[in-house]
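One structure is given below, encoded as structure tokens.
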Amino acid sequence: MTDVALIEQLKALVEPGKVLTDADSLNAYGKDWTKHFAPAPLAIVFPKTIEQVQAIVRWANEQKVALVPSGGRTGLSAAAVAANGEVVVAFDYMNQVLSFNEFDRTAVCQPGVVTKQLQLFAEEKGLYYPVDFASAGSSQIGGNIGTNAGGIKVIRYGMTRNWVAGLKVVTGKGDLLELNKDLIKNATGYDLRQLFIGAEGTLGFVVEATMRLDRAPQNLTAMVLGAADFDSIMPVLHAFQNKLDLTAFEFFSDKALAKIMGRGDVPAPFETECPFYALLEFEATTEEVAEAALATFEQCVEQGWVLDGVMSQSEQQLQNLWKLREYISETISHWTPYKNDISVTVANVPAFLHDIDAIVGEHYPDFEIVWFGHIGDGNLHLNILKPENLSKDEFFAKCATVNKWVFEIVQKYNGSISAEHGVGMTKRDYLTYSRSEAEIAYMKAIKAAFDPNGIMNPGKIFAL
Ligand SMILES: Cc1cc2nc3c(=O)[nH]c(=O)nc-3n(C[C@H](O)[C@H](O)[C@H](O)COP(=O)(O)OP(=O)(O)OC[C@H]3O[C@@H](n4cnc5c(N)ncnc54)[C@H](O)[C@@H]3O)c2cc1C
């Protein structure tokens, strides 16, 4: 069948005007935040109901057309990229919080609800949705579930997975499944809900999600501490964790701070220059908690781990300190960074970081490396900035060599090649560094059970 005929059939499945094929839309909806692959979808379709999603999936099976689920397209692993004539299924018109249950503290969301929208909804109810990161204003709940998104509060609240009470999914066969039905306790065999979380749209579509909400945190207070060297960061984490329940523990290097200062719109935390910085946050519920934080800070200074520090005294200061960390991704995107999102156990972080720094520094001394990340949960973001004199292709080719070394070190420490950004297309060739051949065979068998014709996001997680 010709492309034109396929598009006509697709149009019949949804409301008028809900299939787009113009060049701008194909370009915009065919890619995510990664810049490695040229977008080339056949069309973009916007279902408004679950029945329409099922009709699209059944049609795709009949016509052997590949489908790419699309959220806010803020993904960093090319998992929502359509580069091979696929139909992109976008949820911009399924974007409502459908209901709220005050006793279970849950909100039923359509997949296109923006993460920030759910955070604000929770706030209106006097509650809190704790999954948060710099792209929360654009990413969608469907995409967050597709990637099992983490972010800046994982140390206290865990990943998106922890907040999914129930899911409605349309499988790659077109079946509608209601998974876990929002229960807290449910010991009835395999929890299929968990398989769809982090599946990157390879098993089917999330078409509705019941998300748990939490009590609102009280008087959040942040500290930014300047560390004497990298080895001091982990004892600082340890010292604070022994005294306080942290809601965040992030870190960034002097190079990351320099880029933020270069923007000119964020105040410096303090004047002392330090090689690394930690940003920690806690609920200052009582005077005693704030005093414990200050006493721990002093202890860290006495030990020589910390050179300087500042504690927020107002909501504005809290926000300004967070900007130092939250603006990094967006700010360095100007230098076409090669991004790696890797994790090891917390105890292994210092040795792991030294190994990687040494190997990249030795082979590519001209590359500027910007470290930052959610170090409190062992997750580091290694960003290599493109030198101006290298073309994008040359740069990415060199980074592919770096990748191998980085992932060998990840493997040595039993770590993960993708802590929270997913595998998509950018990490799929390296999956064996984190997953055994036997595990991958089981994963492929699971995909075949839900998507026997391979129409769901082919080429993501595994090679085509
Ligand atoms: C500045 C910046 C900072 C970031 N910081 C973080 C961070 O701290 N932590 C973190 O985890 N991530 C972070 N990210 C990455 C990204 O925001 C997350 O991966 C986010 O969860 C992606 O959501 P999305 O809606 O944009 O999904 P997309 O990029 O559109 O899609 C992601 C995956 O989900 C699938 N998908 C989308 N919708 C559905 C659906 N309805 N059903 C099934 N599958 C679906 C897609 O096919 C794809 O595989 C950051 C990104 C940026 C740009």
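Atoms within each ligand, like the ligands themselves, are counted from 1 in listed order.
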Listing, residues 169-176 side-chain donor-acceptor contacts under 3.5 Å, not counting sequence neighbours, or none:
unit_1, atom_1, unit_2, atom_2, d
Thr171, OG1, Lys173, N, 3.1
Thr171, OG1, Gly174, N, 3.4
Thr171, OG1, Asp175, N, 3.2

Compile the donor-acceptor pairs under 3.5 Å between side chains in residues 443-459 and protein atoms, sequence neighbours left out, one pair per line.
unit_1, atom_1, unit_2, atom_2, d
Lys447, NZ, Thr202, O, 2.7
Lys447, NZ, Asp451, OD2, 2.6
Lys447, NZ, Met456, O, 2.8
Asp451, OD1, Gly454, N, 3.4
Asp451, OD1, Ile455, N, 3.0
Asp451, OD2, Ile455, N, 3.3
Asp451, OD2, Met456, N, 3.0
Asn453, ND2, Asn61, OD1, 2.8
Asn457, OD1, Lys460, NZ, 2.6
Asn457, ND2, Ala79, O, 2.9
Asn457, ND2, Glu200, O, 2.9

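Protein residues with any heavy atom under 4.0 Å from ligand 1: Trp33, Pro69, Ser70, Gly71, Gly72, Arg73, Thr74, Gly75, Leu76, Ala79, Ala80, Phe91, Pro111, Phe133, Ala134, Ser135, Ser139, Gln140, Gly142, Gly143, Asn144, Gly146, Thr147, Ala149, Gly150, Gly151, Glu200, Gly201, Gly204, Phe205, Val206, Ser329, His374, Glu420, His421, Asn457.
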Test side-chain hydrogen bond (donor to acceptor under 3.5 Å, both in side chains) on Tyr430 and Asn340 and set out the steps. CA-CA 12 Å; Tyr430 306 98; Asn340 261 311; over 6 Å; no
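Between Arg325 and Glu281, no side-chain nitrogen of the basic residue sits less than 4.0 Å from a carboxylate oxygen of the acidic one, so the salt-bridge criterion is not met. Salt bridge status for Glu368 with Lys255: absent, with no side-chain N to carboxylate O gap under 4.0 Å.
Take Asp191 and apply the salt bridge (Lys or Arg N to Asp or Glu O under 4.0 Å) test, not counting sequence neighbours, and it matches Arg193.
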